[in-house]
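Here's the structure, in structure tokens; my notes come after.
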Protein chains: 2
Amino acid sequence: MLPEQLKSIAYFQDLDARVLDRIRTRVFEVRLQKGQVLFTEGEPAQAMYVVRSGQVKIFKLSPDGREQVLRIAGPGDCFNEVPIFDEGPNPANAQTVEAAALWGIRRADMRRLVEEHPAIAIGFLKAFAGKLRYFTRKVEDLSFRSVTSRVAKLLLEMAEDDGKGGLRLKQQFTQQEMASVVGTAREMIGRAFKALEKEGAIRLDRHRVVIVSRAALARML
Amino acid sequence: MLPEQLKSIAYFQDLDARVLDRIRTRVFEVRLQKGQVLFTEGEPAQAMYVVRSGQVKIFKLSPDGREQVLRIAGPGDCFNEVPIFDEGPNPANAQTVEAAALWGIRRADMRRLVEEHPAIAIGFLKAFAGKLRYFTRKVEDLSFRSVTSRVAKLLLEMAEDDGKGGLRLKQQFTQQEMASVVGTAREMIGRAFKALEKEGAIRLDRHRVVIVSRAALARML
DNA sequence: TCCGCGGCGAGACTTAGGTCGCAGACCCCC
DNA sequence: GGGGGTCTGCGACCTAAGTCTCGCCGCGGA
């Protein structure tokens with residue numbers, strides 16, 4: 001593992017070489033296949049993780065098996081930092097959406113690093129602040145917005161400029177995946193697509209969503 | 001202001017007298033009447049606050065005026081700490097539920113204190129971890145539980161042992177207040193009460209909820 | 001080539017929850 | 001003691017969203 005790679009992690013950006021070196025010795029590697037479960041909610045927390053490649057979904061499960069995705073962690077993202085500071089169990093489940101490579105740092109190790117290097121603590125605080133904003137927005141969305149509006153919002157977040165002025169989706173989710181991100185049933189996603197198509201916001205090109213107009217999508221919020 | 005009072009704030013618990021002294025000079029006082037708005041979402045953040053007495057509700061507003069309460073801060077609770085670390089605007093609205101007295105610390109002052117005293121940073125990290133858990137549970141509840149179940153949960157949280165083996169509510173909310181905590185319409189609260197009454201979990205003693213059995217309530221989750 | 005399986009489209013139906021309207025109870029304040 | 005504002009209790013109604021059940025398509029493996 002190269003020290004420059006550590007720099008790509010937001011928490012460690014501002015640290016000098018000596019500290020990075022110390023951290024490096026504490027990092028272990030994990031490789032997972034598509035669909036593998038990394039840990040489950042409620043069990044004692046072992047470590048926090050950083051995604052190097054691939055994608056990991058962080059989600060809650062209802063007693064009857066429904067899934068609510070809290071977020072999808074991609075390269076550079078961290079997850080399971082919370083138990084470092086309150087010694088509690090894992091707050092949610094983690095499972096790969098596609099094959100992934102991760103770095104892990106054990107809870108106690110990370111805790112010690114934070115205590116010894118205040119700069120890391122500030123980094124964590126910034127990151128936590130962002131997450132808190134994110135979750136309050138999520139609560140707001142669930143309680144105020146209709147399913148179609150939540151889907152429109154998700155599509156906006158997934159929209160990406162394809163080289164030449166057009167729009168495409170960063171990745172192709174299945175409808176089931178979108179449903180559990182947005183907190184609804186699979187069938188609703190299809191209906192939301194049709195509603196958005198009627199408004200001229202998207203186009204359905206045989207099983208593929210094409211974003212026609214960002215503005216029209218934004219009007220649906 | 002007495003230095004012991006500062007100790008009652010979780011963030012400052014582990015600090016020594018010298019540091020507490022420094023903090024004391026930065027604290028300002030605020031007194032608010034019932035129903036007064038302290039700040040609104042989106043405007044530049046001035047300060048973080050600690051509740052000394054009274055209650056402040058932290059909430060989001062929908063475009064059409066519906067209210068979603070994120071939490072109700074009582075004595076000892078802090079709010080609006082997020083903007084300290086990301087320089088962003090206020091993440092929500094704050095308004096008193098009843099007359100309240102607060103301490104405030106300006107954003108930049110608090111930021112400097114945290115940077116100079118790593119112990120405070122750790123305190124904030126613990127508190128943020130707790131809040132993150134709280135909000136993920138809130139998301140979970142909104143997406144998995146029915147209104148009745150959310151109401152039952154709220155009542156359980158509000159339940160308090162009255163000296164002699166019985167149960168009472170910590171405070172009397174109006175149905176409207178409960179509705180915006182739980183994320184629903186006022187009428188639904190009444191219906192949920194009736195459902196819970198039929199299950200023998202509560203009793204409605206003319207406009208007053210009496211908890212009959214904690215176990216029966218828990219069964220409704 | 002054919003089969004099986006995961007993902008999708010679509011219609012019919014059910015249901016939880018939101019909306020509306022109004023009336024009675026209560027409470028404070030004048 | 002009267003009167004307006006707030007809170008509650010319904011009932012009727014409406015609608016968004018969840019559920020169930022198909023049949024189809026497309027793709028990959030045997």
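Keep in mind that what you see is a predicted model, and the values were worked out from it rather than measured. Note on naming: letters A, B, ... go to the chains in the order of the sequence lines (proteins, then strands), and numbering restarts at 1 for each one.
- Atom-to-atom, NZ of K34(A) to C1' of dG6(C) comes out at 11 Å; the value is rounded to the nearest Å.
- Atom CE of M178(A) and atom C1' of dA17(D) are 19 Å apart (whole Å).
- Applying a 4.0 Å cut-off to non-hydrogen atoms, none of the residues of residues 137-147 of chain A approaches DNA chain C.
- Side chains of T96(A) and Q55(A) form no contact here, defined as non-hydrogen atoms less than 4.5 Å apart.
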Can you give each donor-acceptor pair under 3.5 Å made by side-chain atoms of residues 193-201 of chain A, sequence neighbours left out, with the distance rounded to 0.1 Å?
unit_1: E197(A); atom_1: OE2; unit_2: L204(A); atom_2: N; d: 3.2

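- Positionally, the nearest nucleotide of DNA chain D for Q175(B) lies more toward the 5' end than for the other of Q175(B) and R150(A).
- Residue E177(A) contributes atom CD, which lies 8 Å from atom P of dG7(C) at whole-angstrom precision.
- D64(A) has its CG atom 12 Å from the C1' atom of dG18(D), to the nearest Å.
- Residue E43(A) qualifies as enclosed at atom CD: its count of foreign heavy atoms under 6.0 Å is above 12.
- Whole-Å rounding puts the Q176(B) CD to dC7(D) P distance at 8 Å.
- Whole-Å rounding puts the H207(B) NE2 to dT8(D) P distance at 7 Å.
- Taking the six-membered ring for Trp and the full ring otherwise, F85(B) and F128(A) have centroids separated by 6.0 Å or more.
- A side chain to side chain contact (heavy atoms under 4.5 Å, CB included) with V151(B) holds for exactly one of V147(B), T148(B), L154(B); it is V147(B).
- Non-hydrogen atoms lying under 4.0 Å from DNA chain C are contributed by T184(B), A185(B), E187(B), M188(B), R191(B), all within residues 180-195 of chain B.
- Rounded to an integer number of Å, the gap from E197(B) CD to dG9(D) C1' is 12 Å.
- Below 30°, between 30° and 60°, or above 60°: for F39(A) and F79(A) the angle between ring planes is between 30° and 60°, a tilted geometry.
- Atom CG of D205(B) and atom P of dT8(D) are 14 Å apart (whole Å).
- M178(B) contributes atom CE, which lies 13.0 Å from atom CZ of R186(B) (distance to the nearest 0.5 angstrom).
- Residue K153(A) places its NZ atom among more than 12 non-hydrogen atoms of other residues, nucleotides or ligands, all under 6.0 Å distant.
- Rounding to the nearest 0.5 Å places CD of E67(A) at 8.0 Å from CG of N93(A).
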